[in-house]
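All ligand and atom numbering here is 1-based and tracks the order in the structure.
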Amino acid sequence: YKAQKRTDYKAPNFTAVDIDLTFTLDDTHTIVKNVTTFKRLTSDTKAPLVLNGEDLKLNYVKVDGIEAKYKDVKNGIEISSVPDEFTVELENVINPSENSSLMGLYKSNGTFCTQCEPEGFRRITYSLDRSDVLAKYRVTIIGPEYGCGVLLSNGNLIERGTRKNRPYAVWEDPFPKPSYLFALVAGTFDIVSDTFTTMSRRKVALELYVDRGSYDRGLWAMQSIKDSMKWDEDRWGLEFDLDNFKVVAVDFFNFGAMENKGLNVFNSVYVMVDPTCATDTAFYNVQSVIGHEYFHNYTGDRVTLRDWFQLSLKESLTVFRDQEFSSDVANRALTRLHAINVIRGPQFAEDASPMAHPVRPEEVMEMNNFYTVTIYDKGAEIIRMIHTLIGESRFKKALNDYLRKFDGQAVTIEDFLCCFEESAGVDLSQFRRWYTQAGTPHVKASWTYDEANKNLVLKLTQHTNPTRDQKEKEPFYMPIRLSFLDKDGHDVHPAELSSDGFIIFNENEQEYRFTLDKDTFPVILRDFSAPVKLDAPYTMEQLQHMLSFCDDAFIKVDCATTMQNRYVHDNLEIAAAEGVLREPAELIASYKSILDSVDAQSDLILINETLKIQSIANLMETFDKINIDAIKYAHDALETKVAVSLVNEFVQLYGKIKASSSNYSVTDMGRRALNNLALHMIAVAKCAMDKKTEASEIVFNHYNGSKNMTDKLQAMTDAVHLDLDCKSEILKSFEKDWSKDALVFDNFFRVQATVPNKSAIDNVKKLLSHPSFDGRNPNRVRALTGALALSNPVALNDISGEGYDLLCKQITELNDINPSVAARILTPLLSFRRLDEKRQGMILNNLNSLMQMPKLSRSIYEKVSTALK
Ligand code: HT7
Ligand code: ZN
């Protein structure tokens, strides 16, 4: 396998103008007739037409109606001696049932469905399968012999009926698009229908296709479509451009969802919710993912990518847009805190791993490996910094200029930046390093007081560790949001700080002076204004002061997180020796004052985020070298000490804060979150106080006392993770109620795979032979093996090495079934060099065996070989 370089981009020799496809659907023998008109773009009249195609059986090829000679080339065919404008007619056969990679046309639980991004279209028919070839599509779908109620493709329905006893439908998409935005769906569904009247009073027909019998579970998604359309008009002036918009939920899907023009295809996880079967987080996620895919209609579909190295162009902008949507329609603080957690957890981990890459990568072997938290989430932080630097109104103007200027074109990140520079009148030349340099900047802050001038002198330094691809890093250009707190907790605004409230930090070392009183101190990196690791020498008193008085949600939560981090770091040696750890007195004091003052008027979402003990995974990211056993020991000690010290307060909270209904609303989400946190802390405290029976009782009552899935799942998780007496009864009851409902039942697998100790490995082994485990269903794989790999660092890294062996065995099996999913769950093993020698050795053995695997996929080869370099 060979990597491709970004700088090797070559414009295509030909473009496709019109593509007319006819699908005669059959489970194992689907016939695709493809009539495409091509136009030569190069002046080289001898250049042959090279079409991409993979795993296709070709029946014939004609050029302008005459049978043509072609040559098989690597993953495609080559046709020589073609004129400047011509039509190719060809027919090929594919086998959707056999397609377990879920790229191209496949069967998902009885439904025909496609996934073409990034390079799946070439598994459907021969084509110029690249994002800078935009064509108009006409698609005829002839249903399978056994019948089929719904036949869908992009755009408008032109004709439908029955021919030779088979249903058919013809679709035409008026917008030229790249092949990766093509979609076809055929199956039997319940349809949720509605309409949306756009700002220019056009009526758009909305249709949401869900599993038969699940109509009600689609209603929230439909509401979310309408909310997304309205928000895009209100915030950015963007109006939907087709007469209809279709969303389909499918059960087998490699990712969250896909923004095919006018026909979004979704993993059913991000559509199907009601309060009895889905958590508040699931409702929140449905709204956000529906928004994300809808917003791609402009940022991705109307303005698309020149090549896959530019992936972040559409993804980062669209993530930024979906985060703003969730902030405006759900909760700003929660949305921001979630986004920051992704950066400080998995994204920092990726930046510190062998697969670290810039937001605009230079080299790619397998594009599927680059749908990463760096491309998506770090990319969105970069867009957010641009938004901070130029402000909302200039950002809005620049975005509109960008969409107008490049409408209908395939462009680059550089085009975007140039357009923003011109439109907003800003110089982003140094800022561009965020796109070219991988790695997380470490920012160190310190301050002194200059008595003579009554100045607080703030000093910032930055340093970015080398990554595999770049040894030397140049300083980044970043906005640092800043405020100052005086000793009474008042915000003080010195004359030197601009009214925007941020300073520019763009050198290795810089000093800033502010005229202030002596006991005023700086609050640095408000709202996490740049994706960096900040090291600031706050005293514990200052952290407590900020936690009480600062008005910034991130800073408040970060003060609690910093106190937790310091506790774990300061106690690591004792934890490594399994000694007795001191009390986290300052944290407990701060938490007590929060808990004492909670009432129905408080910001419960923010309080919940502040009181949470952070995950072991995020704690790991605060260390360069990871002593997993010591981190786990200190984490558990911290949680137990907080829980035991404040058990009375948590008991009071549990009695006081209750949701008003079991339906989803942002207010009740906050109430339920805090109520469930209280339950968890009470259960942890009782277990530590030798009152496990009481813990079991309260958890069991919680499970039985609510019809709401958020509550049920919290109770089931506590029962299983704390190994309470009620565990088997709850698991049995859950299995009885939900085993026929795949999405809900995934929780049964996930909860048992995430027990934070070695027993999770045995659970996973046992559940792999559960009658409803299906290795071809990505959601199920993610809920079991995926959860062990990505959400259970303790069990995965168990010193027995059994976690590694189990994961690699599953990856070997998945390599043949679904390489994209296999490569994703392999990720944590790549960072083996951060672990101790024994674990490094065990992982190394496993990675070496993976390299020996027959038919090793390109996805796994790229990741493992990079890690072993
Ligand atoms: N743009 C979509 C990416 C996607 C995808 C990538 C690889 C394999 C399968 C996939 N399904 C969807 C999703 C998005 O970011 O909106
Ligand atoms: Zn996207």
Please step through salt bridge (charged side-chain N to carboxylate O under 4.0 Å, His left out) for the pair Arg336 and Glu381, ending with a clear verdict. CA-CA 10 Å; Arg336 191 71 196 118; Glu381 292 301 310; 2.8 Å; yes
Are Tyr270 and Phe253 near enough that their ring centres are under 6.0 Å apart? no
N/O/S atom of Glu315 inside 2.8 Å of the Zn ion (ligand 2), strictly under: yes
Can you tell me which portion of Asn368 lies within the under-4.0 Å heavy-atom range of ligand 1? Options are side chain, backbone, both, or neither. side chain
Taking 4.0 angstrom as the limit and counting only heavy atoms of Glu259, give me the atoms of ligand 1 inside it, by number and element. 1 (N), 2 (C), 13 (C), 14 (C), 16 (O)
Answer yes if the ring centres of Phe325 and Phe295 are under 6.0 angstrom apart, and no otherwise. yes
With heavy atoms of His296 as the reference, note each atom of ligand 1 found under 4.0 Å away. 14 (C), 15 (O), 16 (O)
Relative to Tyr137, does Lys177 satisfy both conditions: NZ or CZ under 6.0 angstrom from the six-membered ring centre, and within 45 degrees of the ring's axis? yes
How does Ala257 reach ligand 1, by side chain, by backbone, by both or by neither, if only non-hydrogen atoms under 4.0 Å count? backbone
Kindly indicate whether the side chain of Lys378, heavy atoms from C-beta on, has any atom under 4.5 Å from the side chain of Glu350. no
Got the closest protein heavy atom to atom 4 (C) of ligand 1, with its distance? Phe255 CD2, 3.6 Å
I'd like to know whether Asn818 forms a side chain to side chain donor-acceptor pair (under 3.5 Å) with Asn254, so could you lay out the CA-CA distance, the side-chain angles of the two residues, the decisive distance to 0.1 Å, and finally the verdict. CA-CA 9 Å; Asn818 190 328; Asn254 275 354; 2.7 Å; yes
Determine, for Phe175 and Lys136, whether the Lys NZ or Arg CZ falls below 6.0 Å from the six-membered ring centre while staying within 45 degrees of the axis. no
In terms of atom number and element, which parts of ligand 1 are under 4.0 angstrom from non-hydrogen atoms of His292? 14 (C), 15 (O), 16 (O)
May I ask you to check if ligand 1 and Glu117 share an N or O to N or O distance below 3.5 Å? yes
Suppose we measure from atom 15 (O) of ligand 1 to each protein heavy atom; which comes out shortest, and what is that distance? Tyr376 OH, 2.5 Å
Check whether any side-chain heavy atom of Tyr435 lies under 4.5 Å from a side-chain heavy atom of Glu414, and answer yes or no. no
Taking the non-hydrogen atoms of Met367, is any one of them nearer than 4.0 angstrom to ligand 1? no
Check ligand 1 against Glu293 and write out every atom of the ligand that is under 4.0 Å from a heavy-atom position of the residue. 14 (C), 16 (O)
Under a 3.5 Å distance rule, please check whether Asn52 uses its side chain to pair with a backbone N or O of Asp129 as donor and acceptor. yes
Ligand 1 to Lys314, heavy atom cutoff 4.0 Å, flagged ligand atoms 1 (N)
Atom 10 (C) of ligand 1 has as its nearest protein heavy atom Gln115 NE2, 3.3 Å
